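Report on the following structure.
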Amino acid sequence: MNDYVTLSLESHLFFARIMKEHSLFLEAGFPCCEKDFIEEADRFRRKFEELLHDVIKLSDGHIQESVLNSGELFTEFTIPAEKRTMSLSGVPINTGITEETRRLRCGCIQTANRPLYQPVRRINERAYRLLGELIRFKERILQRVNSGKLFTANYPLLIEHIIREAKLYRDIVEQLLTNRNICYQNFYETEEFWNQIMMEHAWFIRGLLDPSEAQLIETADDFSKDYARLLDTARKRDRLANGMTERTLQETIKYRDFKAAGAKGILGGQISSIILPLLADHVLREANHYIRILETKKTR
């Protein structure tokens, strides 16, 4: 019972925020003539913001300390990035939700989780339905972009990327609803999934930096090649002999530091790019999430 409540809440605290930001990035990327797509993306942004807010109200005292301290739910840059992105894009962002997340306490409150079981199950059912709708919306965008019927400032690969993340979230919620343990299929598939995500982040960063940022572009390219090698090793099923998890963890820590420096530089106006500040913080939080997964695997 406790595991069900805690795992559900932790999953939503991370992924619902990711989904609302995906919706914001889609919304900000459409030209003004695409009013229907802008409005639909905004609807999903608001729906996931509402979901996240309702999850936060249930979460105090029911979250692991390792999750609260991981940097996957918020970073020092999140609120400044939200405020700057709201100013730049005109898309409203409820920064109070991030403030509420920062005030959450870990599982130290001695209350039974049984009264939370039904509210959390309803949250899971609601998230599952909403994710199905969002995935279909993203797939429709990708189909129209690939057929030349829709323009967006977002790469087609980025749309594929956010579809895969939404499907992972939906799979996790489905496992919770069917009372199965969250295992991301198996750990090695999880590692492969996130290595692919990290590699694509490097491609996006490389492509969104101003051409004058030659050193940063080269560094991003180097990270993309490092993750490509990790993926190649993973696909050869040669993980244990080569200390795959430890190598991946060390690489991701270096990458996290690069992303943190990037978020700071973008917020400080020291890096020339077309990267929204919240996107810089978004990919940093995903790296922090992956680091926690890797560290948890190492200690088992």
Side-chain angles (χ1 to χ4, degrees), residues 14 17-18 20-29 45 68-95 97-99 101-102 152-155 157-159 161-162 165 194-228 230 248-292 294-295:
F14 173 70
R17 179 177 289 273
I18 294 298
K20 85 180 184 77
E21 291 171 354
H22 286 175
S23 302
L24 184 152
F25 301 146
L26 289 171
E27 181 178 356
R45 180 192 60 76
L68 284 177
N69 293 338
S70 66
E72 65 190 88
L73 306 184
F74 59 87
T75 75
E76 64 184 291
F77 308 113
T78 306
I79 290 177
E82 287 178 331
K83 290 178 178 178
R84 183 72 60 81
T85 297
M86 185 162 41
S87 173
L88 292 171
S89 68
V91 179
I93 301 172
N94 183 355
T95 59
I97 288 178
T98 306
E99 292 282 8
T101 305
R102 291 176 63 172
T152 171
N154 294 300
Y155 291 119
L157 179 62
L158 188 143
I159 301 169
H161 177 100
I162 64 176
E165 289 186 353
W194 284 106
N195 283 346
Q196 178 82 23
I197 293 294
M198 294 298 116
M199 179 178 72
E200 291 174 359
H201 283 176
W203 290 346
F204 301 144
I205 292 167
R206 183 182 66 188
L208 295 172
L209 285 164
D210 188 80
S212 65
E213 297 284 5
Q215 184 59 58
L216 291 176
I217 290 170
E218 183 179 347
T219 302
D221 195 50
D222 288 342
F223 277 116
S224 75
K225 291 173 182 175
D226 290 340
Y227 280 100
L230 288 169
T248 304
L249 175 59
Q250 294 308 313
E251 184 68 25
T252 307
I253 289 171
K254 288 191 296 182
Y255 195 23
R256 183 270 313 278
D257 293 344
F258 172 72
K259 288 178 172 180
K264 182 178 180 180
I266 288 167
L267 277 167
Q270 297 152 345
I271 293 175
S272 296
S273 76
I274 53 172
I275 300 172
L276 280 172
L278 190 56
L279 178 58
D281 186 65
H282 177 100
V283 298
L284 171 59
R285 278 182 271 116
E286 289 193 350
N288 286 333
H289 175 72
Y290 188 27
I291 287 169
R292 181 177 64 82
L294 292 166
E295 290 178 336

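Keep in mind that what you see is a predicted model, and the values were worked out from it rather than measured.
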(request) Answer with yes or no after comparing the ring centroid distance for His201 and Tyr227 against a 6.0 Å cut-off, counting only values under it. (result) no

Working to the nearest 0.5 Å, report the span between [atom1] of [X] and [atom2] of [Y].
X: Lys259; Y: Thr75; atom1: NZ; atom2: OG1; result: 12.0 Å
X: Leu24; Y: Leu279; atom1: CG; atom2: CG; result: 10.0 Å
X: Glu27; Y: Thr152; atom1: CD; atom2: OG1; result: 11.5 Å
X: Ser70; Y: Tyr290; atom1: OG; atom2: OH; result: 15.0 Å
X: Met198; Y: Thr252; atom1: CE; atom2: OG1; result: 7.0 Å
X: Glu213; Y: Ile271; atom1: CD; atom2: CD1; result: 6.0 Å

Return the minimal non-hydrogen interatomic distance between [X] and [Y], and the atom names on each side.
X: Gln270; Y: Lys264; result: OE1-O, 4.3 Å
X: Ser272; Y: Ser212; result: CB-OG, 4.4 Å
X: Val91; Y: Met86; result: O-CG, 3.3 Å
X: Pro277; Y: Arg84; result: CG-CG, 3.6 Å
X: Ile275; Y: Ser273; result: N-OG, 3.1 Å
X: Ile217; Y: Asp210; result: CD1-O, 3.5 Å

Evaluate the side-chain proximity of [Y] to [X]: yes if any heavy-atom separation is below 4.5 Å, no if none is.
X: Asp281; Y: Thr85; value: no
X: Arg285; Y: Leu73; value: no
X: Thr78; Y: Arg17; value: yes
X: Lys20; Y: Ile93; value: yes
X: Asn195; Y: Glu251; value: no

(request) Measure from NZ or CZ of Lys254 to the centre of the six-membered ring of Phe258 and say whether it is under 6.0 Å with the direction within 45° of the ring axis. (result) no

(message) Can a donor-acceptor pair be found, under 3.5 Å and without considering hydrogens, that links the side chain of Arg45 to the backbone of Leu26?
(response)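 Judged by distance alone, no pair lies under 3.5 Å.
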
(message) With a 3.5 Å distance limit and no angle check, can you tell me whether Thr101 reaches the backbone of Ile97 through a side-chain donor-acceptor pair?
(response) yes

(request) Check step by step if side chain to side chain contact (heavy atoms under 4.5 Å, CB included) holds for Arg256 and Ile253. (result) CA-CA 5 Å; Arg256 183 270 313 278; Ile253 289 171; 3.5 Å; yes

(message) Once you measure the plane-to-plane angle for Phe14 and His289, does it fall in the parallel (<30°), tilted (30-60°) or perpendicular (>60°) bin?
(response)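 Ring orientation, 0 to 90° scale: parallel.
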
(message) Below 30° counts as parallel, above 60° as perpendicular, anything between as tilted: where do the rings of Phe25 and His22 land?
(response)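 Tilted.
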
(request) Going by the side chain to side chain contact (heavy atoms under 4.5 Å, CB included) test, name the single residue among Leu158, Leu276, Ile274 that passes it with Leu208. (result)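 Only match with Leu208 under side chain to side chain contact (heavy atoms under 4.5 Å, CB included): Ile274.
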
(message) Phe74: which residues meet the ring pair (Phe, Tyr, Trp, His ring centres under 6.0 Å) condition with it, sequence neighbours left out?
(response)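 Checked Phe74 against ring pair (Phe, Tyr, Trp, His ring centres under 6.0 Å); zero matches.
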
